Trainee: 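Have a look at the structure that comes next, please.
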Amino acid sequence: MNVPFHRPYITEDEINAVAEQLRAGWLTAGSRTAEFEDAFSRYIGCRHAVSVNSATAGLHLSLAVFDLQEDDEVLLPVVTHAATAEVVRYFKARPVFVDIERGTHLMDASKIEEKISGKTKAIMPVHYAGQPCDMDEICSIARAHRLHVIEDAAHSLPAWYRGRAIGTAGDTTCFSFYATKTLTTGEGGMICTGDEERARRLCVLRLHGIDRDAWERLRSARFWQYDVVEAGYKYNTTDIASAIGIEQLKKVELMWKMRRRIAERYTDAFKNREELIPYTVKSDRVSAWHLYPLDLNIDALKIGRDRFIEEMRGRGVGLSVHFIPLYEFTYYKRMGYSGKEYVNCRWVFERTVSLPIFPGMTDEEADYVIENVLDIVQAGRR
Ligand SMILES: Cc1ncc(COP(=O)(O)O)c(C=O)c1O
């Protein structure tokens, strides 16, 4: 049997919606995109949802609306996707890494304050694997130090923190609709915010700094007229992507339940094994289960993480690692970053793998993964 790391959950609904959109003849952002934004904001319960063509674009625009400047500092977890840090570099500002917790792999809120300096402008919590960060603690630190909170919610649709949906707490929250994400449009993203003026500026910035988008202009009498009010970007989505997004959003909780079922099956199988350290979700929050991280107890094993991945791959199971710590990359090494102080990050990185988890994954596929994990660690016991 082969179990891929991911398989998108695309049905005839998405296929028909795309065909219909292509036949309608409007391809770029238009009424479908407005409809998707509206449905998304209603689902999350946020005031404004601004669509973009990736979460990276959303994070970039979020920093732009807060006027990040050269040499400013932005706090973010040391374990995240390259995108979270690179957008800070777009401004020649400095990403300041915060260590993670071992059990949850989340940014350790108790280590944020010691990293704040006179140059700090924002905190970018990452809801790793779909699990919300300690948002009450993070928002209260941000308030005390007058910092912006930009949530990297690329993994966390849908997710809830103390009963509140992710997308309602930070100054902006950025979701990703990349191919493997919990809602996909192939590529895409959404920025949620509660502030009307900020939402308006995000809309201007996402399309060349133009004061009105193509759809809005077409419907007005002076359709040909527009103004460029600042240097913007080309970050709009398309109605083709939004047509997919609308269909995906209708089943977002169904897809989440399918992921959660796999996660429960894994946790159940791995919880009492000495060779394994199952991933922890704190009791006051609900994970989107974008990823299922599993840490190997390498002290009880003769094999390391890399060998484990090779063996699983040899048995037809696709695994991954989330993430290579940012200080491991040449670009950040060149800037002088090192892993010395990130003790928990180093501990996790030596041990962690991400198992396949996706909606539509069958019980047989999950059992095949479990069987092979247990078989390999049993054979690899010290
Ligand atoms: C934590 C995190 N942030 C941001 C991104 C970037 O998302 P996108 O590909 O939509 O730009 C990713 C993508 O995988 C991610 O995992």
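Bear in mind the structure is a predicted one, so any value in this text is a computation, not a measurement. What's counted below: heavy atoms across the whole structure, side chains too, no hydrogens, waters or symmetry copies. Counting starts at 1 for both ligands and their atoms, in listed order.
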Trainee: Report the hydrophobic cluster partners of Val229, with the cluster defined as I, L, V, M, F, W, Y residues connected by side-chain heavy atoms closer than 4.5 angstrom, directly or transitively.
Mentor: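 Via sub-4.5 Å side-chain contacts, Val229 links to Val204.
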
Trainee: State yes or no: are the ring centers of Tyr43 and Phe36 separated by less than 6.0 Å?
Mentor: no

Trainee: Please tell me whether Tyr327 and Tyr332 form a close aromatic pair, meaning their ring centres lie under 6.0 Å apart.
Mentor: no

Trainee: Strictly under 4.0 angstrom, heavy-atom based: which residues surround ligand 1?
Mentor: Ser54, Ala55, Thr56, Thr80, His81, Ala83, Thr84, Val126, Asp152, Ala154, His155, Ser176, Tyr178, Lys181, Gly188, Phe323

Trainee: Between Phe329 and Tyr337, does the ring centroid distance fall short of 6.0 Å?
Mentor: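 So the answer is no for these two rings.
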
Trainee: Tell me whether Leu355 is reachable from Met1 by hopping between hydrophobic residues (I, L, V, M, F, W, Y) whose side-chain heavy atoms are closer than 4.5 Å.
Mentor: yes

Trainee: Check whether the ring centres of His60 and Tyr233 lie less than 6.0 Å apart, and answer yes or no.
Mentor: yes

